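Below you'll find the structure, written out as structure tokens, and then a few comments.
When a ligand or atom number is given, it counts from 1 through the structure's own listing order. Here the structure is a predicted model, which is why all the values come from computation and not from measurement.
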Amino acid sequence: MKISSKKGLAVVLSSLKSFEKPKVLLEQYPTEADIAAEVLWNAFFRREIEGKTIADLGAGTGVLGIGALLLGAKHVFFVEKDEDAIQTAKENLKIIEDRFEIKLRRKTDFLQEDVLLFDEEVDVVVQNPPFGLQKERHADRKFLVKAMEIADVIYSFHKADSVKFIKELSKDNGFNVEGFWRFEFPLKNVYVHHRKKIQHIEVGCWRLEKVN
Ligand code: SAH
């Protein structure tokens, strides 16, 4: 297996399965392959993927965690409370194993549970949690607080207008905002209440680092 470019990573990730029947209340919006690749490639260059233990919180179909494995992560915990999603994540891992003729399963743990129950210490968290678009405002808060408990480095997706919220929460928990990327997320026509065929929302990925 050799992934030698960001584009190459995006191509492989784009071959993965997405949510079969996305669940509205769980906000099952997948991260687009090229966006996942952009963020993971940056993390890789900062030496925060290869040989590292990583938690993908709210892993969904596994695109972030699988991308990390492709870039040489030592171990990835996929934490996801939805049984169907975690099943798809396992199938996605199998797709990669077959395609590259490698064994990755022993480098992984698939945990079907609420992120609040996860308590392993890891090097890095990568997460694209629910943003609270549906009902719970700042449904992403508990993901961030959990990530700050278990890791010193966090890559986390949120609505782009969460700048103040993330800054304050980071400060309160002894973290600094050390990086920010802005993306347009297509919310494909997966939910009935989306009238336009494809809507976009402005999303940011924050890199947070614990203050020493
Ligand atoms: N990280 C994936 C999925 C993003 S969608 C990706 O980037 O493509 C957010 C995911 O969080 C959904 O799969 C949803 O089922 C999961 N989720 C929502 N609340 C959760 C919770 N409390 N604990 C664990 N997973 C949760």
Side-chain angles (χ1 to χ4, degrees), residues 9-10 12-43 49 54-71 73 76-93 95-96 108-120 122 124-151 154-159 162 181 183-188 190-191 194 199 201 203-207:
L9 179 62
V12 176
L13 294 180
S14 69
S15 71
L16 300 180
K17 293 186 196 170
S18 192
F19 294 102
E20 271 180 26
K21 294 188 193 115
K23 292 175 187 144
V24 178
L25 288 178
L26 291 174
E27 297 196 23
Q28 294 184 326
Y29 306 108
T31 309
E32 291 276 294
D34 52 346
I35 294 176
E38 174 82 34
V39 168
L40 290 167
W41 197 254
N42 265 284
I49 301 282
I54 292 177
D56 180 353
L57 303 184
T61 55
V63 59
L64 295 172
I66 289 174
L69 285 167
L70 285 164
L71 294 176
V76 176
F77 293 95
F78 296 86
V79 186
E80 166 61 54
K81 74 175 180 187
D82 179 46
E83 190 181 351
D84 296 335
I86 210 151
Q87 195 51 41
T88 306
K90 285 180 187 166
E91 288 166 24
N92 278 334
L93 186 72
I95 289 173
I96 298 295
T108 63
D109 276 291
F110 288 88
L111 304 169
Q112 194 204 327
E113 64 186 19
D114 194 293
V115 289
L116 289 179
L117 297 176
F118 181 70
D119 62 359
E120 297 278 346
V122 295
V124 180
V125 167
V126 290
Q127 60 180 8
N128 177 9
F131 302 148
L133 299 177
Q134 295 299 338
K135 50 168 188 159
E136 223 182 312
R137 203 172 124 73
H138 284 314
D140 39 5
R141 177 191 295 273
K142 71 175 176 185
F143 280 74
L144 274 170
V145 170
K146 171 56 72 179
M148 289 173 186
E149 278 168 26
I150 60 171
I154 300 163
Y155 289 84
S156 192
F157 288 89
H158 305 274
K159 271 184 1 186
S162 308
W181 299 265
F183 301 106
E184 286 219 322
F185 260 39
L187 296 183
K188 295 208 176 110
V190 284
Y191 299 129
H194 289 163
Q199 289 190 336
I201 61 168
V203 170
C205 180
W206 277 256
R207 179 183 175 279

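For Lys81, the side chain to side chain contact (heavy atoms under 4.5 Å, CB included) partners are Leu26, Asp114, not counting sequence neighbours. Under the salt bridge (charged side-chain N to carboxylate O under 4.0 Å, His left out) criterion, Glu149 pairs with Lys146, sequence neighbours left out. Not counting sequence neighbours, the partners of Asp84 by the salt bridge (charged side-chain N to carboxylate O under 4.0 Å, His left out) test are Lys23.
The nearest pair of heavy atoms linking Pro129 to Asp140 is CG-CB, 3.9 Å.
Aromatic pair Phe77/Phe118: centroids less than 6.0 angstrom apart.
The contact shell of ligand 1, taken as protein residues with any non-hydrogen atom closer than 4.0 angstrom, comprises Phe19, Leu26, Glu27, Gln28, Tyr29, Pro30, Thr31, Gly58, Ala59, Gly60, Val63, Leu64, Glu80, Lys81, Asp82, Glu113, Asp114, Val115, Asn128, Pro130, Lys142, Phe143.
Between Phe78 and Phe110, the ring planes are parallel. Angles under 30° get that label, and only those over 60° would be called perpendicular.
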